[in-house]
Amino acid sequence: MIDFYTWGTPNGRKVAIMLEETGVKYQVFPVNITKNEQFAPDFLAVNPNNKIPAIVDHEPPAAYGSKPYAVIESGAILLYLAEKTGQFLPKDAAARMQAMQWLMWQMGGFGPMLGQTHHFVRFAKEKVPYAIDRFKTETARLYKVLDSHLAKNDYLAGREYSIADMATQPWAARHEWHEIDLAAYPHVKRWYDAIMARTAVQRAFEIP
């Protein structure tokens, strides 16, 4: 059994998708970040960085020891679950590395930059034109990078659906927040719609 600490954000949904896709047994512990529940002492004991998502695996692989094993950071959780289950990380070396590259691309760019766009466009107490222009410009550039890659690949790792897609799609799901029209990125739209049609993904988007 895995304890899954999450909230309805793109980073939380990445892990929800992986859990639903793999069929691993888990239980959800909602952490309401709008009420600062991520700073509660019991959650701090799980994640010293006070961020969702996090998991505690009560049946970790033998290499991790016999005690419950906590994993923080969404990308690391996806890799851990892929290794634990043997699913959604290609066995072919080149495809595996491609999946890992695009997972890191999401972690280093498509998540943080889009998150800044969310903040300055939707939530900042005052409009800062320079910041809005800077992050919207970079967001559009990243969508173009994604579209160009998907013009030549079914999924981010090539032909196989992988953790790289699970990491990236929940951020694209907020394209309206980014003031992005997916019609302008047809390959992203094709990929996005195909993933959103998956039953496991639809279930994951209902968590917590």
Side-chain angles (χ1 to χ4, degrees), residues 6-21 32-34 51-53 73-78 88 98-208:
T6 191
W7 196 243
T9 70
N11 285 335
R13 284 173 173 163
K14 298 176 190 178
V15 177
I17 291 171
M18 183 62 167
L19 290 167
E20 285 291 331
E21 291 279 15
N32 190 336
I33 62 176
T34 69
K51 299 285 187 180
I52 62 95
E73 293 297 320
S74 59
I77 296 169
L78 291 175
F88 300 110
Q98 186 161 314
M100 293 179 71
Q101 288 178 61
W102 285 93
L103 174 63
M104 297 305 133
W105 175 83
Q106 186 283 310
M107 297 295 297
F110 201 70
M113 293 300 102
L114 274 55
Q116 292 298 321
T117 299
H118 293 176
H119 177 75
F120 285 106
V121 171
R122 293 177 62 89
F123 301 118
K125 293 180 179 179
E126 61 179 281
K127 295 296 182 182
V128 184
Y130 172 79
I132 291 171
D133 180 67
R134 172 182 171 81
F135 290 112
K136 283 186 65 177
T137 298
E138 178 62 3
T139 291
R141 188 191 73 82
L142 289 166
Y143 270 94
K144 185 176 180 180
V145 170
L146 183 59
D147 197 63
S148 296
H149 181 66
L150 290 170
K152 297 172 285 188
N153 296 273
D154 295 335
Y155 296 101
L156 291 179
R159 294 183 178 180
E160 292 186 49
Y161 173 61
S162 74
I163 57 173
D165 302 291
M166 298 179 198
T168 306
Q169 192 267 357
W171 283 97
R174 290 191 169 173
H175 55 90
E176 292 180 353
W177 287 28
H178 315 143
E179 299 182 356
I180 289 288
D181 181 1
L182 286 189
Y185 303 91
H187 306 292
V188 174
K189 187 176 188 310
R190 181 267 308 162
W191 163 87
Y192 173 83
D193 289 343
I195 295 173
M196 201 67 231
R198 297 176 70 93
T199 302
V201 174
Q202 293 169 13
R203 290 196 302 264
F205 269 68
E206 296 176 357
I207 300 168

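Each residue takes its place number in the sequence, starting with 1. Everything numeric here is computed off the predicted structure, so don't read it as measured data.
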**Report entry** Interatomic distance, Thr137 atom OG1 to Leu142 atom CG [nearest 0.5 angstrom]
**Finding:** 11.0 Å

Query raised in the report: If you measure from CG on Leu182 to NZ on Lys189, what distance do you get to the nearest 0.5 Å?
Result: 7.0 Å

**Report entry** Nearest heavy-atom neighbours spanning Phe205 and Ala173
**Finding:** CE2-CB, 3.8 Å

Query - Shortest non-hydrogen contact from Lys127 toward Ile132 - result: CD-CD1, 3.9 Å

Query raised in the report: CE/Met166 to CD/Glu20 distance, rounded to the nearest 0.5 angstrom?
Result: 11.0 Å

Requested in this report: For residues Arg198 and Tyr161, determine if any side-chain heavy atom of one lies less than 4.5 Å from a side-chain heavy atom of the other.
Outcome: yes

Query - Nearest-0.5 Å distance, NZ of residue Lys14 to CD of residue Gln106 - result: 3.5 Å

Report task. Tell me, with the steps shown, if Tyr185 and Leu146 meet side-chain contact (heavy atoms from CB on, under 4.5 Å). Result -> CA-CA 9 Å; Tyr185 303 91; Leu146 183 59; over 6 Å; no

Report task. Quick one: sort the Trp177 and Phe123 rings into parallel, tilted or perpendicular, breaks at 30° and 60°. Result -> perpendicular

Query raised in the report: Atom NZ of Lys51 and atom CG of Asn11: how far apart are they, to the nearest 0.5 Å?
Result: 9.5 Å

Query raised in the report: When you check the gap from the basic side-chain N to the acidic O, do Arg203 and Glu206 get nearer than 4.0 Å?
Result: no

Report task. Could you tell me whether a side-chain N or O of Arg190 sits under 3.5 Å from a main-chain N or O of Leu150, the two making a donor and an acceptor? Result -> yes

Query raised in the report: How far apart are the closest heavy atoms of Arg174 and Pro10, and which atoms are they?
Result: NH1-CD, 3.2 Å

Query raised in the report: For His149, which of Tyr155, Trp102, Trp105 qualifies under ring pair (Phe, Tyr, Trp, His ring centres under 6.0 Å)?
Result: Trp102

Query raised in the report: Of all heavy-atom pairs between Asn153 and Gly158, which one has the smallest distance, and what is that distance?
Result: OD1-CA, 3.5 Å

Query raised in the report: Counting N and O atoms only, with roles assigned by atom type, does the side chain of Lys144 sit under 3.5 Å from a partner on the main chain of Thr139, one being a donor and the other an acceptor?
Result: no

Query raised in the report: So, do Val188 and His175 sit near enough that their side-chain heavy atoms are less than 4.5 Å apart?
Result: no

Query - Least distance between heavy atoms, Thr168 atom then Trp191 atom - result: CG2-CH2, 3.8 Å

Report task. Please confirm whether Trp171 and His118 have ring centers closer than 6.0 angstrom. Result -> yes

Query raised in the report: Does the Arg122 side chain pair with the main chain of Thr117, one donor and one acceptor, at a distance under 3.5 Å?
Result: no

Query raised in the report: Could you state the interatomic distance from OG1 (Thr6) to CG (Asn32), rounded to the nearest 0.5 Å?
Result: 11.5 Å

Requested in this report: For Lys136 and Phe120, run side-chain contact (heavy atoms from CB on, under 4.5 Å): C-alpha distance rounded to whole Å, both residues' side-chain angles, the deciding distance at 0.1 Å, then the answer.
Outcome: CA-CA 9 Å; Lys136 283 186 65 177; Phe120 285 106; over 6 Å; no

Query raised in the report: Where the side chain of Glu21 meets the backbone of Val201, is there a donor-acceptor pair that is under 3.5 Å apart?
Result: no

Query - Side-chain H-bond candidate by donor/acceptor type, Tyr143 with His178, under 3.5 Å - result: yes

Requested in this report: Take Leu156 and Leu103 through the side-chain contact (heavy atoms from CB on, under 4.5 Å) test and state the conclusion after the steps.
Outcome: CA-CA 9 Å; Leu156 291 179; Leu103 174 63; over 6 Å; no

Requested in this report: Quick one: closest heavy-atom pair of Ala167 and Leu78, and the distance?
Outcome: CB-CD1, 3.8 Å

